[in-house]
**Q** 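I'd like to ask some things about the structure below.
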Amino acid sequence: MIIDPDCSMEFASVSSTTCCPQPRRNRWPVLAAAIILANAVSACAPRTAMRFDRYDGRSDAGAVAQFQQDDAICKGEAAKAQAMAAPIYMGHSLADAMEAGMLEGQRNQALRQIMVGCMAGRGYSMTVVTLQP
């Protein structure tokens, strides 16, 4: 039996050169650093927004009131779809967190498509606008 002075465990194998198993490290600091880095990188990216314009080009007070109503209805449709979606679990590893982030991006894209489709059905076209920081 070999007794390693750096380890409190005894090993039965003479040819073994391993020491005590290392305690499992907490992965939350790595995950937190990855999230902070992702937020910093995304802060540098230009922000975009959806702008809806009427197909007929009207912009009078009646058209503005109708837009507010249509916008509220379509946001409600997107919110219903989001409420019915299954939750996304992050897990305990960095890979799980990255996968959750990708799934969240796909879900957001689907919700945008619901909004665009709803507004198109009500007579609006969508234009992507880059916002200035």
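The shown structure was predicted, so the numbers you read here are calculated from the model rather than taken from an experiment.
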**Q** Partners of Asn108 by side-chain hydrogen bond (donor to acceptor under 3.5 Å, both in side chains), sequence neighbours excluded?
**A**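 Expected list: none.
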**Q** Could you tell me which residues satisfy side-chain hydrogen bond (donor to acceptor under 3.5 Å, both in side chains) with Arg107, sequence neighbours excluded, listed by chain and number?
**A**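 For Arg107 there are no side-chain hydrogen bond (donor to acceptor under 3.5 Å, both in side chains) partners, ignoring immediate neighbours.
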**Q** With a 3.5 Å cut-off and no angle check, do the side chains of Tyr124 and Asp53 form a donor-acceptor pair?
**A**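 Short answer, no.
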**Q** Can you name the nearest heavy-atom pair linking Arg54 to Ala63, along with the distance?
**A**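 Taking Arg54 first and Ala63 second, the nearest heavy atoms are CD-CB, 3.7 Å.
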**Q** Kindly work out whether a path of hydrophobic side-chain contacts (I/L/V/M/F/W/Y, heavy atoms less than 4.5 Å apart) joins Val128 to Phe67.
**A**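 Yes: a chain of side-chain contacts under 4.5 Å links Val128 to Phe67.
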**Q** Does Ile73 sit in a hydrophobic cluster with other residues, and if so which ones, taking ILVMFWY side chains as linked at heavy-atom separations under 4.5 Å, directly or through other members?
**A**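 The other cluster members (ILVMFWY side chains, heavy atoms under 4.5 Å, direct or chained): none.
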**Q** Under the rule for side-chain hydrogen bond (donor to acceptor under 3.5 Å, both in side chains), what residues qualify as partners of Gln109, not counting sequence neighbours?
**A**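 Gln109: side-chain hydrogen bond (donor to acceptor under 3.5 Å, both in side chains) contacts with Arg112.
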**Q** Return the minimal non-hydrogen interatomic distance between Leu111 and Ala81, and the atom names on each side.
**A**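 It is CD2-CB, 4.0 Å.
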**Q** Please report the shortest heavy-atom distance between Val116 and Met50, naming the atom on each side.
**A**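 So the minimum-distance heavy-atom pair works out to CG2-SD, 3.8 Å.
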**Q** Please answer: with hydrophobic residues joined when any side-chain heavy atoms are less than 4.5 Å apart, are Met126 and Met115 in the same cluster?
**A**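 Same hydrophobic cluster.
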**Q** According to side-chain hydrogen bond (donor to acceptor under 3.5 Å, both in side chains), who are the partners of Glu99, at least two apart in sequence or on a separate chain?
**A**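 Residues passing side-chain hydrogen bond (donor to acceptor under 3.5 Å, both in side chains) with Glu99: none at all.
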**Q** Just verifying a value: how many Å separate Gln66 CD and Gln68 CD, rounded to the nearest 0.5 Å?
**A**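 CD of Gln68 is found 10.5 Å from CD of Gln66.
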**Q** So, taking the atom named SG in Cys118 and the one named CD1 in Ile114, what distance separates them when rounded to the nearest 0.5 Å?
**A**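 It comes to 9.5 Å.
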**Q** Do Tyr55 and Arg122 touch side chain to side chain, with heavy atoms closer than 4.5 Å?
**A**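 No; the side chains remain at least 4.5 Å from each other.
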**Q** Any idea which heavy atoms bring Ser59 and Val64 closest together, and the distance?
**A**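 Distance-wise, the nearest heavy atoms are O-CG2, 4.1 Å.
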**Q** For Phe52, what residues pass the ring-ring contact (aromatic ring centres under 6.0 Å, His included) criterion, not counting sequence neighbours?
**A**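 ring-ring contact (aromatic ring centres under 6.0 Å, His included) check on Phe52 returns nothing, list empty.
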